J.: 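Structure incoming, see below.
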Amino acid sequence: MDLGTERILIVEDESIVALEISETLKKLGFQSDLIVNSGEKAINTAKSERPDLILMDIHLNGEMNGIEAAGIIRDNFQIPIIFITAFADKEKIKAASQTMPFGYILKPIHEQDLKVTIEMALHMAHIERDRRNAEEKLKFSEAKFRTLFDGMSSGVAIYQPVNDGNDFVFVDFNAAGERIEKVERKNLIGRSVLEVFPGVKTFGLLEVFQRVLQTGIAENHPISFYKDNRISGWRENYIFRLPTGEIAAVYDDTTRRMQAEEELFKSEEKYRELVQSSNSVILKLDKKFRISFLNQFGQDFFGYSEEELIGREIVGTLVPEFDSTGFNLANRMQELCDEPEKYANNENENTCKDGTRVWVAWQNKGIYDDDGVLNGLLCIGNDITKRKAAEEALRKAHDELEIRVKERTVELESAKEEAELANRTKSEFIANISHEVRNPLHHILSFAKSGLKKAGTMPIEKIEKNFRAIQESGTVLLNILNDLLDLSKLSSGRIDYSMKEVRLLDIVRDNVGLSSALINERNLNIRILDPDFDTALICDEDKIGQIVRNLLSNAIKFTPAEKEITISFNKGSLPKGRRDEDQGLVPAIETRVADQGTGIA
């Protein structure tokens, strides 16, 4: 103990004496800053400051003397106290002794006496604290042991060997033992086991007690039936020797379990008769997927004998690792054992001994022990192979029907698109033909109107020119009608072309001449810019003329009166063709019809 660091409370009503004691304590190396002059103040300071030691004057002014204050402090705070007194009064000393002080010092106080008394008091206080702590720990340990001892569900009996181990006397007995044996602990302690349980020798337990006492090796006494004139039942014991030399027996009453097993055995006999005559597969598995039972129907169905299957894992025998679709059945079996309720109804592929794959609809139920721990599975299965085959055939037929419906839908959509395209083509064709017919017909009507209007005044040359224009427009109209009669060639995708070498400039001039009546009527000026290159090309003159007429007709139609239409020519190029083997470009002539209105430019 490190002396010199302790705080000491001085309780003295004479201030000069208190200061002298404080100075002496400081000189000795103690902390002595706590000084009070009454019993009440001593109690309050002890509570708030918790000093290591108190020097208490027995005679204090006030309602409470030092002895009374010391008793309260001792009971509540366990702080060591040394009494200080100027009188060696026997009655006072006797009264003070009731508070169990750690010493007495007579006034006047001598430094050496004070030092020795304080050191002895602090040392004794330290020993006292250690003793109290040890007692508290022991009480706590004993309470914990007793709570555990009496809270166990198993019976526990502790025996003291007597007569060199020929007999054993009860030392302790827990609450579970009282309940199992229908006795009270107070009526057992100190009595012989042979007296309380006279059948212990026949039961075989006394012999186990003696062996464990001699060898110190714990033994298990298996489930056995005990009987005497008072009680009977099945018991299972575990016996070991304590460090004190006493013998402890921990045991369980297994009577209900044994009765249940007996009832189960009887019911299993009836159950076996039932399952063996069933027309369903009845299968039992342990928690490691090993087959523990398969009824006769199941043996016949899968082609195995009972000896060939019992003890073997189901995966690799009745259940393939993967089914025909590649699904992992080994994992499914693990899931089934982990959560039987989730797969209470399950369909999967199974394997017969000859390798034949069959489908079975299973009803699965977990087998649990009394503690709710899964011990295995009971599975009842029915053959659904034919049903699965019919479902597969139906699925294939459904898939084929879906394919045919999709193909037919595509065909109908394609036919619809073709019909719509044909309809659009027809509309475009009619619009184009109407345009082609309207142009030459308009020319004919224009020249005829002009001739009728000026019949008496028009010179013969003008009349001849008008009739020639009517003739040319009639020829164009006839060609269009011939094209209409040859519509069958257009619908088949083949149109005949009359290819020959002509000059594009001549085709343009001829068609401008055909439109002269309309041009003059609107007082338009047609300007043809002669190119600086030869416009000769090989083409169908009528087809190109038709294109030129269309362009010119639109320009005339949308050009305001007294405005100008310009026709120009430029060199250009076009792709050689649309076939894969047609590569590169070929020379071409670009013809541009420009007007001053909203027509095509």
Side-chain angles (χ1 to χ4, degrees), residues 1-140:
M1 180 173 141
D2 186 12
L3 297 176
T5 60
E6 292 80 2
R7 296 181 73 192
I8 298 176
L9 169 64
I10 300 170
V11 186
E12 173 62 62
D13 57 1
E14 295 183 16
S15 58
I16 295 176
V17 175
L19 290 174
E20 287 178 353
I21 295 172
S22 175
E23 290 300 320
T24 302
L25 290 175
K26 290 178 181 178
K27 183 178 178 182
L28 293 174
F30 298 106
Q31 299 181 41
S32 59
D33 56 320
L34 301 175
I35 301 174
V36 297
N37 59 8
S38 69
E40 292 83 359
K41 292 179 180 179
I43 294 170
N44 292 333
T45 304
K47 180 179 179 181
S48 61
E49 299 294 336
R50 297 299 175 101
D52 297 295
L53 186 137
I54 299 175
L55 294 177
M56 176 80 72
D57 188 3
I58 291 177
H59 300 280
L60 295 172
N61 292 326
E63 296 181 359
M64 183 182 294
N65 61 31
I67 296 173
E68 294 172 330
I72 294 172
I73 292 172
R74 174 73 179 182
D75 292 340
N76 290 278
F77 311 119
Q78 292 81 44
I79 298 174
I81 298 174
I82 296 174
F83 282 119
I84 302 173
T85 182
F87 308 100
D89 187 342
K90 290 184 179 180
E91 292 300 323
K92 291 288 185 183
I93 296 296
K94 183 178 180 181
S97 298
Q98 300 300 316
T99 65
M100 299 180 67
F102 281 73
Y104 298 90
I105 298 177
L106 295 176
K107 297 178 181 179
I109 298 172
H110 298 287
E111 180 179 320
Q112 187 62 28
D113 292 342
L114 183 62
K115 178 182 179 183
V116 171
T117 304
I118 288 175
E119 289 180 350
M120 288 296 295
L122 290 172
H123 181 69
M124 291 173 63
H126 180 70
I127 293 173
E128 178 66 14
R129 281 195 299 271
D130 289 347
R131 182 188 64 77
R132 285 199 304 268
N133 289 339
E135 287 178 352
E136 287 297 324
K137 289 180 180 179
L138 181 60
K139 288 179 181 179
F140 178 74

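Predicted, not measured: the structure shown is a model, and the values here were computed from it. Residue indices begin at 1 and follow the sequence shown.
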J.: Is there side-chain contact between Glu63 and Glu68, with at least one heavy-atom pair below 4.5 Å?
T.: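 Glu63 does not reach Glu68 side chain to side chain.
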J.: Side-chain contact, heavy-atom cut-off 4.5 Å: Ile79 with Leu9?
T.: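 Ile79 vs Leu9: side chains apart.
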J.: Which heavy atom of Pro51 sits nearest a heavy atom of Thr45, and at what distance?
T.: CD-O, 4.2 Å
J.: How many angstroms lie between atom CE of Met120 and atom NZ of Lys115, to the nearest 0.5 angstrom?
T.: 13.5 Å
J.: List for me each residue that meets salt bridge (Lys or Arg N to Asp or Glu O under 4.0 Å) alongside Asp13, sequence neighbours excluded, and say none if there are none.
T.: none
J.: The criterion is salt bridge (Lys or Arg N to Asp or Glu O under 4.0 Å); which residues satisfy it with Glu111, sequence neighbours excluded?
T.: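 Residues passing salt bridge (Lys or Arg N to Asp or Glu O under 4.0 Å) with Glu111: Lys27.
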J.: When rounded to the nearest 0.5 angstrom, what is the spacing between OG1 in Thr117 and NE2 in His110?
T.: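 Reported to 0.5 Å precision, the distance equals 11.5 Å.
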J.: For residues Leu114 and Phe30, determine if any side-chain heavy atom of one lies less than 4.5 Å from a side-chain heavy atom of the other.
T.: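 No. Closest side-chain heavy atoms not under 4.5 Å.
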J.: Is there a donor-acceptor pair closer than 3.5 Å between any side-chain N or O of Glu14 and the backbone N or O of Ile16?
T.: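 Between the backbone of Ile16 and the side chain of Glu14 there is no qualifying donor-acceptor contact (under 3.5 Å).
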J.: Check whether any side-chain heavy atom of Ile72 lies under 4.5 Å from a side-chain heavy atom of Met64, and answer yes or no.
T.: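 They are in side-chain contact.
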J.: With the side chain counted from C-beta on, respond yes when Ile84 and Ile21 share a heavy-atom pair under 4.5 Å apart, and no when they do not.
T.: yes
J.: Between Gly66 and Phe83, what is the shortest heavy-atom contact and its length?
T.: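 Taking every non-hydrogen atom into account, O-CE2, 3.8 Å.
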J.: Taking only residues at least two apart or on different chains, which pairs with a member in residues 44-59 satisfy salt bridge (charged side-chain N to carboxylate O under 4.0 Å, His left out)?
T.: Arg7-Glu49, Asp57-Lys107
J.: With a 4.5 Å heavy-atom cut-off, do Ile73 and Ile43 have their side chains touching?
T.: yes
J.: Given the rule in the side chain to side chain contact (heavy atoms under 4.5 Å, CB included) test, do Glu6 and Leu53 qualify, once you have shown the distances and angles that lead to the verdict?
T.: CA-CA 8 Å; Glu6 292 80 2; Leu53 186 137; over 6 Å; no
J.: Could you check if a side-chain atom of Ile54 sits within less than 4.5 angstrom of a side-chain atom of Leu34, using non-hydrogen atoms only?
T.: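 Counting from C-beta outward, Ile54 and Leu34 never come under 4.5 Å.
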J.: Calculate, to the nearest 0.5 Å, the distance between atoms CD1 and CD1 belonging to Ile82 and Ile8 respectively.
T.: 7.5 Å
J.: Heavy atoms only: give me the nearest Val36-Lys41 pair and the separation to one decimal.
T.: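 Nearest pair, atom of Val36 first, then Lys41: CB-CB, 3.8 Å.
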J.: Write down the atom of Ala42, the atom of Met56, and the distance for their closest heavy-atom approach.
T.: CB-CE, 4.2 Å
J.: So do Leu25 and Ile10 actually touch side chain to side chain, heavy atoms under 4.5 Å?
T.: yes
J.: So, the side chain of Ser22 versus the backbone of Ala18: is there a donor-acceptor pair under 3.5 Å, distance only?
T.: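 Not a single qualifying donor-acceptor pair exists.
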